[in-house]
> 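Starting off with a structure, shown below.
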Amino acid sequence: MTVTANERLGLAPTDPRPASETRPAADRTETNPLFGDQKMKLGLFGTNCSYGLIMSHAPSTYEITWEHTKEIAQRADRLGFDVLVPVARWKGFGGSTNFNGNCFETYTWAAGIAEATERIAIAATSHLPTIHPIVAAKQATTIDRISGGRFALNLVMGWVPPEMEMFGSEQREHDERYAFGQEWLDFVTRLWTEPGTFSMHTKYFDAELLEAYPKPHQGPRPALLNAGNSPSGIEFSARNVDFNFASLDTLENIKAYTDKVRNKARDDYQRDIHVMTYGLVVCRDTEKEAKRAFQQVVDEGDWGAAGNVIKIAGSGASQSFDHAVKQMQERFIAGWGGYPIVGTPEQVTEELGKLNEAGMEGMIFGLIDYNEELKYFGENVMPLLTQAGLRH
């Protein structure tokens with residue numbers, strides 16, 4: 001049996017800690033807008049990475065500076081959006097744009113955005129193999145305390161082999177990534193919730209006399225997100241997370257998927273799960289203008305970067321994009337493989353309504369020009385969503 005440093009050095013044990021250190025400060029349904037009562041939740045996706053969700057040289061004022069990303073976040077906050085979800089990238093996808101290669105690290109980004117906003121939920125997107133659970137748990141708790149309980153953690157198993165090689169390790173086999181992810185999350189959850197000291201001895205982790213104070217602001221724990229749509233991803237989401245994110249090709253497939261995920265969570269794990277989607281929204285005064293803007297994104301697309309993404313996704317690195325790799329390469333150029341909504345404010349409202357009817361409880365989306373188009377969205381779409389009963 002291993003002799004711990006505490007035993008070797010004869011250190012006095014930690015006395016039981018006060019409730020202010022061992023309990024969350026508030027119920028997350030009172031602090032985190034992801035658990036609010038908006039019928040169709042809205043969020044922005046990818047505002048921390050170059051080119052956002054478009055692999056294209058289409059004109060835009062969007063840029064990766066702190067001032068710009070903060071302004072976008074504050075505008076979304078004022079408009080009443082529910083969440084900001086960043087993209088975690090360690091290496092760009094090459095091509096003429098080096099898509100997403102110029103980016104802010106997501107935990108640090110989330111801490112800054114948390115301080116700069118008042119109401120909106122802020123996620124950090126975390127590639128689990130790249131960060132130790134002790135560090136992740138402490139960073140998440142710090143951001144949750146900064147935000148007053150508005151934090152969410154987006155769990156990614158790590159799906160891009162060139163990025164994993166940057167960390168000196170090969171990509172794990174697909175299902176093993178989720179086995180590792182389960183142990184990683186169990187570790188983090190115990191750090192967030194256990195009031196005293198404990199040890200972890202599992203396949204992937206071996207740690208003695210663990211403790212973590214304070215606990216997150218929101219209880220029982222911060223919101224958890226995951227975008228796994230493969231059988232292993234659905235299993236992981238159904239068992240663990242609050243929100244599963246998915247993009248599919250038709251409303252019929254979306255309805256079947258949302259029913260499947262919810263039923264699995266309910267039947268196998270006796271819990272509820274929310275399902276949301278993501279994609280690119282292009283909204284203009286006329287349908288013709290919207291379609292022209294969307295087509296410009298495609299016409300000026302970075303097919304080198306898109307080809308790299310498709311090769312990586314098609315190699316088995318991720319099974320969540322299988323439907324898109326084969327049939328919808330343009331969706332990678334214009335929306336990172338997500339569900340596109342293109343049209344007038346009335347048509348965008350109608351499409352969001354159809355997604356909601358098919359079981360999607362929200363959408364996080366990209367815009368060609370986040371900051372400028374958010375102004376238009378706020379003036380022209382938000383009132384229609386209220387009229388349609390999708391928002392209040």
Side-chain angles (χ1 to χ4, degrees), residues 27-29 32-43 45 82-83 85 121 123 125 128 152-157 159 174-186 188-189 220-279 313 316 318-328 331 337-339 341 351-365 389-390:
D27 188 301
R28 63 187 186 173
T29 60
N32 195 322
L34 277 170
F35 299 103
D37 62 355
Q38 295 286 5
K39 186 176 181 183
M40 187 66 174
K41 293 180 171 63
L42 298 176
F45 189 21
D82 302 286
V83 65
V85 182
T125 298
L128 306 193
L153 186 59
N154 182 24
L155 305 166
V156 180
M157 302 305 123
W159 68 275
H174 182 270
D175 287 359
E176 189 187 358
R177 278 176 250 161
Y178 281 98
F180 172 86
Q182 187 63 57
E183 287 196 10
W184 189 99
L185 180 57
D186 290 343
V188 168
T189 300
R221 56 159 174 72
L224 296 177
L225 322 177
N226 176 249
N229 308 145
S230 66
S232 295
I234 292 172
E235 182 77 29
F236 180 87
S237 282
R239 177 178 176 179
N240 298 292
V241 307
D242 304 295
F243 292 85
N244 177 267
F245 284 84
S247 177
L248 296 107
D249 48 356
T250 66
L251 291 169
E252 291 76 19
N253 286 341
I254 287 171
K255 180 69 168 69
Y257 178 85
T258 56
D259 287 347
K260 179 180 181 179
V261 174
R262 286 196 185 92
N263 289 339
K264 185 162 193 63
R266 194 172 297 118
D267 296 343
D268 293 1
Y269 298 104
Q270 294 73 56
R271 59 189 301 274
D272 292 324
I273 189 171
H274 306 279
V275 189
M276 293 174 63
T277 192
Y278 75 94
S318 171
Q319 296 176 17
S320 297
F321 295 122
D322 282 354
H323 68 285
V325 172
K326 298 179 180 69
Q327 300 167 10
M328 297 179 289
R331 282 199 182 182
Y339 192 91
I341 296 181
E351 282 298 308
L352 288 169
K354 288 178 181 177
L355 285 171
N356 189 254
E357 289 174 12
M360 290 295 178
E361 296 170 74
M363 183 176 192
I364 56 172
F365 54 86
L390 294 168

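Values below: all heavy atoms of this structure, side chains included; hydrogens, waters and symmetry mates excluded. The shown structure was predicted, so the numbers you read here are calculated from the model rather than taken from an experiment.
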> Apply the test side-chain contact (heavy atoms from CB on, under 4.5 Å) to residues Arg239 and Gln182: give CA-CA distance (whole Å), side-chain angles for both, the deciding distance (0.1 Å), then the verdict.
CA-CA 9 Å; Arg239 177 178 176 179; Gln182 187 63 57; 3.6 Å; yes
> Checking Thr189 now: which residues fulfil side-chain hydrogen bond (donor to acceptor under 3.5 Å, both in side chains) with it, not counting sequence neighbours?
none
> Is the closest side-chain heavy-atom distance between Tyr278 and Met363 below 4.5 Å?
no
> Regarding Asn244 and Tyr257, is there a side-chain donor-to-acceptor distance under 3.5 Å anywhere?
yes
> Please evaluate residues Leu248 and Tyr339 with respect to the criterion side-chain contact (heavy atoms from CB on, under 4.5 Å), reporting the C-alpha separation (whole Å), side-chain torsions for both, the decisive distance (0.1 Å), and the verdict.
CA-CA 7 Å; Leu248 296 107; Tyr339 192 91; over 6 Å; no
> Please answer whether the main-chain N or O of Gly43 pairs with a side-chain N or O of Asp82 as donor and acceptor at a distance below 3.5 Å.
no
> When rounded to the nearest 0.5 angstrom, what is the spacing between CZ in Arg271 and NZ in Lys264?
12.5 Å
> Using a strict 4.0 Å threshold on nitrogen-to-oxygen distance, state whether Lys354 and Glu351 make a salt bridge.
yes
> Under the ring-ring contact (aromatic ring centres under 6.0 Å, His included) test, which residues partner Phe245, sequence neighbours left out?
none
> In Å, rounded to the nearest 0.5 Å, how long is the span from CD of Glu235 to CG of Asp268?
6.0 Å
> Hey, what do you get for CZ (Phe365) to OG1 (Thr277), rounding to the nearest 0.5 Å?
12.0 Å
> Do the side chain of Asn356 and the main chain of Leu352 share a donor and acceptor less than 3.5 angstrom apart?
no
> Please give me the minimum heavy-atom distance between Asn154 and Ala227, naming the atom from each residue.
OD1-N, 4.5 Å
> Using a strict 4.0 Å threshold on nitrogen-to-oxygen distance, state whether Arg221 and Asp242 make a salt bridge.
yes
> What closest approach, in Å, do Asn240 and Leu224 show between heavy atoms, and which atom pair accounts for it?
O-CD1, 3.9 Å
> Can you name the closest pair of heavy atoms from Asn226 and Ser237 and give their distance?
OD1-OG, 2.8 Å
> For a 4.5 angstrom cut-off between non-hydrogen side-chain atoms, does Ser232 reach Asp175?
yes
> Is it true that Asp272 and Arg266 make a salt bridge, defined as a side-chain N closer than 4.0 Å to a carboxylate O?
yes
> Any side-chain heavy atom of Val156 within less than 4.5 Å of one from Leu128?
no
> Atom CG of Leu355 and atom NZ of Lys255: how far apart are they, to the nearest 0.5 Å?
13.5 Å
> Applying side chain to side chain donor-acceptor pair (under 3.5 Å), run through Asp249 and Asn253 and close with a yes or a no.
CA-CA 7 Å; Asp249 48 356; Asn253 286 341; 2.6 Å; yes
> Looking at every non-hydrogen atom in both residues, tell me the closest pair between Gly36 and Lys41 and how far apart they are.
O-NZ, 3.0 Å
> What is the minimum heavy-atom distance between Ala123 and Leu225, and which atoms define it?
CB-CD1, 4.2 Å
> To the nearest 0.5 Å, what is the distance between CZ on Arg177 and OG on Ser230?
9.0 Å
> Mind checking whether Phe243 and Phe35 have parallel, tilted or perpendicular rings, split at 30° and 60°?
tilted
> Atom OG in Ser247, atom CE in Met276: separation rounded to 0.5 Å?
13.0 Å
> Where do Ile273 and Glu361 come nearest, in terms of heavy atoms and distance?
O-OE2, 4.1 Å
